Amino acid sequence: EDQVTQSPEALRLQEGESSSLNCSYTVSGLRGLFWYRQDPGKGPEFLFTLYSAGEEKEKERLKATLTKKESFLHITAPKPEDSATYLCAVQAGDSGYSTLTFGKGTMLLVSP
Amino acid sequence: DAGITQSPRYKITETGRQVTLMCHQTWSHSYMFWYRQDLGHGLRLIYYSAAADITDKGEVPDGYVVSRSKTENFPLTLESATRSQTSVYFCASRLAVDYNEQFFGPGTRLTVL
């Protein structure tokens with residue numbers, strides 16, 4: 001069974017204080033690892049897809065990296081508008097229609 | 001406007017009543033999904049569909065029914081609502097099985113009294 005564990009559950013940062021969110025996974029045949037951002041009262045918004053260990057993707061203050069067992073979402077010099085819940089999901093190769101398995105998310109709060 | 005929409009956005013119902021949540025997408029995506037999101041559980045897949053008239057169970061299908069007679073619509077029906085089905089429901093769509101970006105609707109907050 002595919003498993004995705006995100007840590008920490010919640011993180012509070014001061015504006016400008018860089019940090020990382022972790023997503024560890026156990027799957028059989030990873031086809032892709034996804035990061036989403038979810039604002040309160042809204043649906044998740046796609047951020048990145050990573051396909052293989054060593055891959056990195058960047059978008060503004062966010063940088064996602066992937067190893068064979070985990071992914072990190074690095075947030076550099078965060079701003080209050082980066083406050084949201086960040087979700088990690090995996091797509092495994094042995095799933096019939098390759099559905100996504102989500103972690104429970106990390107709630108990030110950036111204070112001014 | 002193009003995109004994925006859900007209706008209603010908020011619904012309060014009573015135990016035992018039938019409720020249908022609607023999902024509509026304008027992209028002609030093949031794949032559509034229904035998730036529920038609860039504190040402590042994250043997003044859990046209820047049902048999904050690879051195309052019109054093709055549906056399959058996800059992780060938590062009990063108590064739910066889906067249909068997909070048209071590509072753009074994917075309604076979710078709670079045949080006899082229970083309090084444990086109080087949740088936020090998200091519909092999502094994706095172009096194809098290996099297409100990476102999955103788009104989510106705005107969600108329906110359902111309360112079962």
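What you see is a predicted model, and the numbers here were worked out from it, not measured in a lab. So that the names make sense, note that chain A is the first sequence line, chain B the second, and so on, each numbered from 1.
- Put simply, L78(B) and L45(B) are part of two different groups of oily side chains (I, L, V, M, F, W, Y) that touch within less than 4.5 Å, one to the next.
- The neighbour count for E14(B) CD, taken as heavy atoms of other residues, nucleotides or ligands under 6.0 Å away, does not exceed 12.
- Placement of L50(A) and L73(A) within a single hydrophobic cluster is found when ILVMFWY residues are connected by side-chain heavy-atom separations under 4.5 Å, directly or transitively.
- Using a 4.5 Å cut-off between heavy atoms, R9(B) contacts chain A through its side chain alone, with no backbone atom that close.
- For the pair Q102(B)/Y36(A), a side-chain contact is recorded, criterion being any heavy-atom separation below 4.5 Å from C-beta on.
- Between Y35(B) and F102(A), a ring centre-to-centre spacing shorter than 6.0 Å is recorded.
- Summarising the local packing, CZ of R109(B) is surrounded by 12 or fewer heavy atoms from other residues, nucleotides or ligands at distances under 6.0 Å.
- Considering only heavy atoms from C-beta on, L100(A) comes within 4.5 Å of R94(B) through its side chain.
- Heavy atoms of other residues, nucleotides or ligands lying less than 6.0 angstrom from CG of L113(B) number more than 12.
- Residue contact with chain A, scored on non-hydrogen atoms closer than 4.5 Å, involves the backbone and the side chain of L43(B) alike.
- Proximity to chain B is limited to the side chain of Q38(A), based on heavy atoms less than 4.5 angstrom apart.
- To the nearest 0.5 angstrom, E59(B) atom CD is 10.5 Å from D2(A) atom CG.
- A distance of 8.0 Å separates CZ of F104(B) from CG of L87(A), quoted to the nearest 0.5 Å.
- The main-chain N or O of G42(B) is never found under 3.5 Å from a side-chain atom of K104(A) such that the two would form a donor-acceptor pair.
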